[in-house]
Number of protein chains: 2
Amino acid sequence: MTDLATVAKQAGVSRATAARAFSQPDLVRPETSQKVFAAARKLGFRPNHLGRQLRTQATHIIGVLIPSLDNPVFAEQLQAMEVAARERGYALLIATTDYDPEREADIVEELLRQRVDGLIMTVADAHENALLRQLDAENIPYLLVYNQLDTLDAPCVCVDNRQAMFDATRHLQQLGHRHIGMVAGPMLQSDRAKLRYQGYCQAMLAQRHVALPIIEMPQHTRSSFEVLAPWLDNDTPLTALLCSNDLLAISVIGDLQRAGLRVPDQVSVIGFDGIALGEQLCPSLCSVVQPRQAIGRAAVEGLLALMGGEQARLEKLPHQLRLGESVGPLPWPN
Amino acid sequence: MTDLATVAKQAGVSRATAARAFSQPDLVRPETSQKVFAAARKLGFRPNHLGRQLRTQATHIIGVLIPSLDNPVFAEQLQAMEVAARERGYALLIATTDYDPEREADIVEELLRQRVDGLIMTVADAHENALLRQLDAENIPYLLVYNQLDTLDAPCVCVDNRQAMFDATRHLQQLGHRHIGMVAGPMLQSDRAKLRYQGYCQAMLAQRHVALPIIEMPQHTRSSFEVLAPWLDNDTPLTALLCSNDLLAISVIGDLQRAGLRVPDQVSVIGFDGIALGEQLCPSLCSVVQPRQAIGRAAVEGLLALMGGEQARLEKLPHQLRLGESVGPLPWPN
DNA sequence: TTGTAAGCGTTATCAT
DNA sequence: ATGATAACGCTTACAA
């Protein structure tokens with residue numbers, strides 16, 4: 001592959017001049033530029049970013065850490081980030097972690113060896129996280145997405161998970177529901193799931209309703225009717241379910257319907273995330289919408305700001321309750 | 001950031017020796033290695049891939065071109081590729097094109113400037129594609145995914161789209177359906193959508209059924225009931241619909257149900273892709289499953305093979321019809 | 001406006 | 001087994 005030196009020779013100028021023709025065209029006489037470009041075209045010259053990056057100590061590459069692309073939330077947000085990044089001249093080097101802290105660490109190390117300019121990550125648990133401390137210590141720009149750290153002034157972009165689930169619960173209560181449960185994946189795996197549970201509990205307590213323990217599914221995005229059944233069979237059956245994400249909600253609705261229960265006539269269901277697909281379903285999925293586009297964009301802009309030396313701050317974006325046919329009023333008042 | 005020279009000095013050896021301690025440990029005395037590693041740890045040394053890549057002329061990075069991450073098919077397949085690539089020591093630099101040929105070209109150029117070792121792409125139309133010709137001419141290893149070029153020996157990984165849709169149509173016919181339509185996005189946008197339509201037509205002709213024109217939706221993944229209604233209202237209403245992708249199928253089912261039609265009692269629906277979510281729905285989605293895991297893996301392995309000098313070939317992976325509750329027998333024989 | 005030369009962090013070749 | 005040195009392709013003072 002031809003390099004700048006060859007182009008320069010062909011154009012009858014020095015390497016420096018040839019380089020300038022590309023990076024600082026205003027410093028070079030137009031005719032000279034033309035000669036350089038002509039030579040470049042003729043030789044099929046393609047600038048080598050590696051050389052430039054090595055020299056300038058900046059790659060214009062952002063490392064992205066995502067739990068999984070199988071969940072549309074992350075995929076859709078990645079899509080938004082990719083567009084935002086490209087607009088600003090940055091490329092994305094991505095990796096999936098499956099919420100495994102060990103993988104997280106390995107991959108970050110790998111990304112840093114590639115000399116990414118900064119990191120955008122969604123980690124399993126942001127509290128007491130050794131990896132984040134290390135990044136802090138090394139002064140490496142990073143920004144968390146979805147993770148919510150209210151305690152410290154951590155650089156993150158997210159919605160107010162507690163408030164969001166509070167609002168969703170409130171909505172059900174206003175429709176007359178009292179026996180409301182919250183369904184989630186294993187062990188409230190993520191820090192934000194915990195906050196959502198808090199929001200649920202607060203709303204329940206505020207109305208002197210009973211805040212129940214989490215209905216814990218074996219998988220993050222898949223319902224198990226066996227786990228669900230006991231809550232619907234007893235003498236005070238649940239009339240509404242809050243789910244920690246949309247895929248889980250959709251799965252729950254499917255299970256309910258297969259068991260002969262009508263949604264929302266007998267059980268109302270609310271999801272979390274507001275994935276696009278939810279609106280297409282019948283019944284359409286009522287869900288707490290996280291503004292994924294805005295989150296993706298804010299993440300990129302925020303990281304660039306950090307790299308530019310700005311102070312880290314927690315950016316809370318507004319959530320919104322998207323109404324849907326999966327929720328209805330309490331059929332029989334009690 | 002500390003570099004190899006510093007580490008070498010600290011360890012009391014030459015740069016070359018320090019380098020070898022990392023890349024060819026067997027060429028260096030164990031004690032010496034230890035000294036180097038100790039120094040590296042002490043100094044917080046992190047190998048700089050840019051230096052290595054510039055020198056070795058290989059990045060171990062694969063450029064990935066995807067139409068959109070908003071469609072779970074691509075997201076799930078990207079997930080599979082990421083895992084497969086990492087296993088083989090490769091990272092993924094990704095970009096989305098929104099099926100825009102201009103973006104496709106720009107992005108490929110950008111990726112090549114970054115000196116990716118090869119490209120994995122899903123392009124809008126692989127026939128008569130100038131970009132692909134250019135890559136051929138420059139001898140740059142690339143591999144297409146989902147795109148199906150039967151004519152030439154193009155490097156691609158896909159299912160047999162024609163046969164797959166043929167099978168799906170056949171399945172409906174065997175259940176007694178005769179009035180079967182195919183629903184797709186605008187203008188059979190992609191080359192594979194055309195092949196799928198061919199499969200539908202062939203199956204219809206084979207049974208002396210009438211192959212209808214495409215029922216064309218304004219969007220790739222969203223149904224419009226206005227477009228659908230005329231086909232269900234007339235004196236020979238359709239009793240089954242084939243959809244060009246799962247998101248569209250789900251949207252179609254939602255529209256039908258909202259219009260008071262029962263699925264599958266009145267209308268059967270089959271999707272294409274077999275996204276994970278489809279199994280959760282009620283009715284569960286009958287769909288032609290593309291083996292996304294296998295496709296992702298085959299794409300990575302295939303590209304590495306190409307880079308290793310092997311001959312390009314079209315790799316067809318087996319599709320499978322996943323049965324589901326969205327399809328039923330013809331209720332009233334005619 | 002253009003040229004010279006040094007350096008970014010590796011690895012590979014050739015000696016020792 | 002180890003060391004010296006020259007690339008890899010680019011940018012950027014500094015000089016002219």
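Protein chains get the first letters and strands the later ones, always in sequence-line order, with residue 1 at the start of each.
Contact check, A/Arg20 against D/dT11: no side-chain N or O comes under 4.0 Å of OP1 or OP2. The shortest distance between the side-chain N/O atoms of A/Arg15 and the OP1/OP2 oxygens of C/dG3 is not below 4.0 Å. Neither OP1 nor OP2 of C/dG9 sits under 4.0 Å from any side-chain N or O of B/Arg52. An OP1 or OP2 oxygen of D/dT2 is reached within less than 4.0 angstrom by no side-chain nitrogen or oxygen of B/Ser14.
In the model, B/Asp3 has no side-chain atom that pairs as donor or acceptor with a side-chain atom of B/Asn48 under 3.5 Å. At a cut-off of 3.5 Å, with distance as the only test, no side-chain donor of B/Tyr146 or B/Asn161 sits close to an acceptor on the other residue. Counting only N and O atoms by type, the side chains of B/Gln53 and A/Gln114 include a donor and acceptor under 3.5 Å apart. Judged by distance alone, the side chains of B/Ser68 and B/Asn71 never bring a donor and an acceptor atom under 3.5 Å apart. For the 3.5 Å distance criterion, the side chains of B/Gln290 and B/Asp273 qualify, holding a donor opposite an acceptor.
Distance from the side chain of A/Leu54 is smallest for C/dG9 among the nucleotides D/dT12, C/dG9, D/dT5. The side chain of A/Leu4 lies closest to D/dC10 when the candidates are D/dC10, C/dA5, C/dT10. With C/dT11, D/dG9, C/dC8 as the choices, the nucleotide that has an atom nearest any side-chain atom of B/Ala19 turns out to be C/dT11. Distances were taken from every side-chain heavy atom of B/Thr32 (C-beta onward) to each of C/dT2, D/dG9, D/dA1; the shortest belongs to D/dA1. In this structure, of C/dT10, C/dT2, C/dG3, it is C/dG3 that holds the atom nearest to the side chain of A/Val13. Comparing atom distances between the B/Asn48 side chain and each of C/dG9, D/dA4, D/dG9 picks out C/dG9 as nearest. When distances run from any side-chain atom of B/Gln57 to the nucleotides D/dG9, C/dT2, C/dT4, the shortest one goes to D/dG9.
Residue-level contact check: A/Phe22 touches neither bases nor backbone, having no heavy atom under 4.0 Å from any strand. Among the atoms of the strands shown, none is found under 4.0 Å from any heavy atom of A/Leu50.
Atom CD in A/Gln34 sits roughly 12 Å away from atom P in C/dT2 (whole-Å rounding). Here the P atom of nucleotide C/dT10 and the CD atom of B/Gln24 are 15 Å apart, to the nearest Å. We find that NE2 of A/His60 is positioned 12 Å from P of D/dT11, with the value rounded to whole Å. One interatomic measurement links the two molecules: CZ of B/Arg29 to P of D/dG3, which rounds to 10 Å at whole-angstrom precision. At whole-Å resolution of the value, CE in A/Met1 and C1' in D/dC10 are 15 Å apart. Atom-to-atom, CD of A/Gln53 to C1' of C/dG7 comes out at 17 Å; the value is rounded to the nearest Å. Whole-Å rounding puts the B/Arg113 CZ to D/dC10 P distance at 10 Å. Following rounding to the nearest Å, B/Lys9 (NZ) and D/dT2 (P) show an atom-to-atom distance of 20 Å.
With the nearest nucleotide of DNA chain D identified for both A/Pro47 and B/Ser33, B/Ser33 has the one nearer the 5' end.
Within the 3.5 Å criterion, the main-chain N or O of B/Asp100 finds no donor-acceptor partner in the side chain of B/Asp98.
At a cut-off of 3.5 angstrom, the base of C/dT11 holds at least one donor-acceptor pair with the side chain of B/Arg55.
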